[in-house]
Amino acid sequence: MPELPEVETVVRDLRVLLCGRSVVAVNAGRRKLRQPWKNAWIPRVIGRQIDGVRRRGKWIVVELDDQSHLLIHLGMTGQLTVRATSEPREPHTHVVFDLDDGSCQLRFRDVRRFGSVRYFPAEFDIDYCLNKQLGPEPWELEPENWHVGWRQSRRCLKAILLDQTIVAGIGNIYADEALHAARLSPRQTGRATSLAQAERIRLAIVEVLERAIAARGTSISDYIGGSGLRGHFQGQLQVYGRAALPCVRCGSAIVVVRLAGRSTHYCPTCQRTAAKSRPRRNRRALPQHK
DNA sequence: ACAGGATCCTGGGGGC
DNA sequence: TGCCCCCAGGATCCTG
């Protein structure tokens with residue numbers, strides 16, 4: 001399940017493998033992706049040199065030399081890799097870009113077809129579009145006000161962290177890991193969360209994601225990097241996928257619940273919900289001491 | 001307005 | 001052994 005660390009790993013791999021290379025042919029499979037690749041884009045992509053590869057949230061942006069772009073999302077099972085053309089094409093490969101002399105290819109493979117590969121011409125402002133639907137990157141969250149959008153909310157912290165408009169790039173695994181690192185319950189509501197706790201969450205997000213990037217991400221089922229290598233952060237996960245196993249911090253059994261439509265793993269002992277959400281109104285005034 | 005749920009999609013695993 | 005059913009979760013659309 002590619003989230004920010006996995007997408008970042010793919011982008012770093014591909015940057016080395018793709019920059020300076022030209023697209024000489026494009027082939028698309030029959031089966032349609034949810035947002036399908038259009039063959040009408042092929043003549044616009046052929047002949048273009050790849051100038052850069054970058055990431056915004058979970059989106060991959062491939063910059064072409066006429067200021068047009070490819071925008072790729074890996075969905076749940078997407079793989080974007082550079083392979084020798086002689087290597088057999090695996091099943092579920094949906095779009096293939098032949099590079100340079102045709103000896104190697106950029107391949108997009110996606111078993112569940114939740115991902116997409118799209119082309120945007122130079123006149124389309126891709127950054128405006130991405131910035132409109134995505135919140136800041138985790139390390140650009142401002143400690144003073146990153147929480148203003150959600151700290152009055154009745155939504156639970158799990159749903160808040162999954163919301164890409166609040167912070168871009170977090171998915172189910174790292175939402176659970178960050179909340180465990182912050183020692184906060186995924187069930188706790190935004191409005192029950194103190195400023196100090198909000199800061200703990202922000203720091204935990206950054207810390208967990210940086211460690212995951214250093215480990216090339218988490219490979220549980222399909223995820224591989226742009227060079228085909230797996231990640232190894234799955235060995236460092238503290239709660240995700242550890243149902244009924246002891247919490248590494250306190251030894252209590254990790255529980256799984258369904259929150260925001262997603263399986264949610266947490267420690268019921270060291271990730272407690274705040275006892276009360278905010279001081280109640282109409283509280284009886286304390287007697288004045290004179 | 002806001003929050004939660006349904007939807008798409010396939011391979012793998014559990015139960016019988 | 002084989003079949004059926006359910007589960008995994010990204011973004012997006014729908015419902016209460």
Side-chain angles (χ1 to χ4, degrees), chain A residues 1-11 29-37 55-61 71-80 90-95 108-118 120 126 129-135 137-138 147-179 186-193 209 212 217-224 231 233-234 237 239-244 254-266 277:
Chain A
M1 298 128 216
E3 304 177 30
L4 189 153
E6 291 75 33
V7 178
E8 178 65 25
T9 302
V10 169
V11 163
R30 284 251 184 85
R31 307 189 75 177
K32 284 216 167 20
L33 298 165
R34 233 177 116 170
Q35 290 181 303
W37 170 265
R55 178 191 61 73
R56 178 75 173 89
K58 299 173 197 169
W59 295 89
I60 297 169
V61 181
L71 185 63
I72 297 150
H73 199 291
L74 300 178
M76 283 186 55
T77 52
Q79 300 173 343
L80 192 63
E90 292 176 283
H92 309 290
T93 300
H94 301 293
V95 191
F108 178 77
R109 173 172 187 257
D110 185 3
V111 171
R112 286 183 220 175
R113 287 189 278 146
F114 278 27
S116 60
V117 182
R118 285 182 289 167
F120 290 93
I126 203 163
C129 176
L130 287 169
N131 289 333
K132 208 170 56 177
Q133 51 181 302
L134 296 175
E137 294 291 311
H147 47 75
V148 292
W150 56 266
R151 233 170 54 82
Q152 304 298 323
S153 164
R154 273 186 294 267
R155 299 167 83 189
C156 64
L157 291 176
K158 175 66 180 255
I160 289 164
L161 291 195
L162 290 177
D163 185 340
Q164 302 298 298
T165 67
I166 291 169
V167 51
I170 297 175
N172 204 38
I173 296 174
Y174 297 107
D176 284 3
E177 292 299 310
L179 287 171
R187 319 177 77 118
Q188 181 171 310
T189 60
R191 55 165 48 172
T193 302
L209 293 179
T218 304
S219 286
I220 288 178
S221 57
D222 301 78
Y223 161 71
I224 51 173
F233 195 68
Q234 57 275 20
L237 294 174
V239 280
Y240 184 87
R242 299 194 67 247
I254 300 297
V255 298
V256 188
V257 294
R258 199 137 191 102
L259 277 181
R262 299 289 171 252
S263 66
T264 300
H265 311 67
Y266 71 104
S277 55

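Please read these numbers as outputs of a predicted model, since none were measured by experiment. Throughout, a chain's letter reflects where its sequence line sits, starting with A, and its residues are numbered from 1.
- Of all heavy-atom pairs between A:P2 and A:G78, the closest is CG-O, 4.3 Å.
- In terms of the side-chain contact (heavy atoms from CB on, under 4.5 Å) criterion, residue partners of A:E137 (sequence neighbours excluded) are, by chain and number, A:L4, A:R55, A:R56, A:W139, A:E140, A:A168.
- Residues A:V10 and A:L80 share a closest heavy-atom pair of CG1-O, 4.0 Å.
- A:H94 and A:F108 have tilted rings, their planes meeting at an angle from 30° to 60° on a 0 to 90° scale.
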Do any N or O atoms of the protein come closer than 3.5 Å to N or O atoms of nucleotides 6-8 of chain B, and which pairs are they?
from	atom 1	to	atom 2	distance (Å)
B:dC8	O2	A:R34	NH1	2.4

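- Here the side chains of A:V95 and A:I72 are not in contact, with every heavy-atom distance at 4.5 Å or above.
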Between the protein and nucleotides 1-5 of chain B, list the N/O to N/O atom pairs that are separated by less than 3.5 angstrom.
from	atom 1	to	atom 2	distance (Å)
B:dA3	OP1	A:S153	OG	2.8
B:dA3	OP1	A:R154	N	3.2

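- Summarising the geometry of A:I170 relative to A:K58, their closest heavy-atom pair is O-NZ, 3.2 Å, with the distance given to 0.1 Å.
- Of the residues in residues 166-175 of chain A, those placing a heavy atom less than 4.0 Å from an atom of DNA chain C are A:G171, A:N172, in numerical order.
- Under the rule for a ring-ring contact (aromatic ring centres under 6.0 Å, His included), the partners of A:Y240 that lie at least two apart in sequence or sit in another chain are A:H265.
- Applying the salt bridge (Lys or Arg N to Asp or Glu O under 4.0 Å) rule to A:K158 yields the partners A:D176; only residues at least two apart in sequence or on another chain are considered.
- Here the closest non-hydrogen pair linking A:R187 and A:V257 is NH1-CG1, 3.5 Å.
- Using the six-membered ring where Trp is involved, A:W150 and A:H147 have ring planes that are perpendicular, over 60° apart on the 30 and 60° scheme.
- Distances shown here put every side-chain N or O of A:H92 at or beyond 4.0 Å from the OP1 or OP2 atom of B:dC9.
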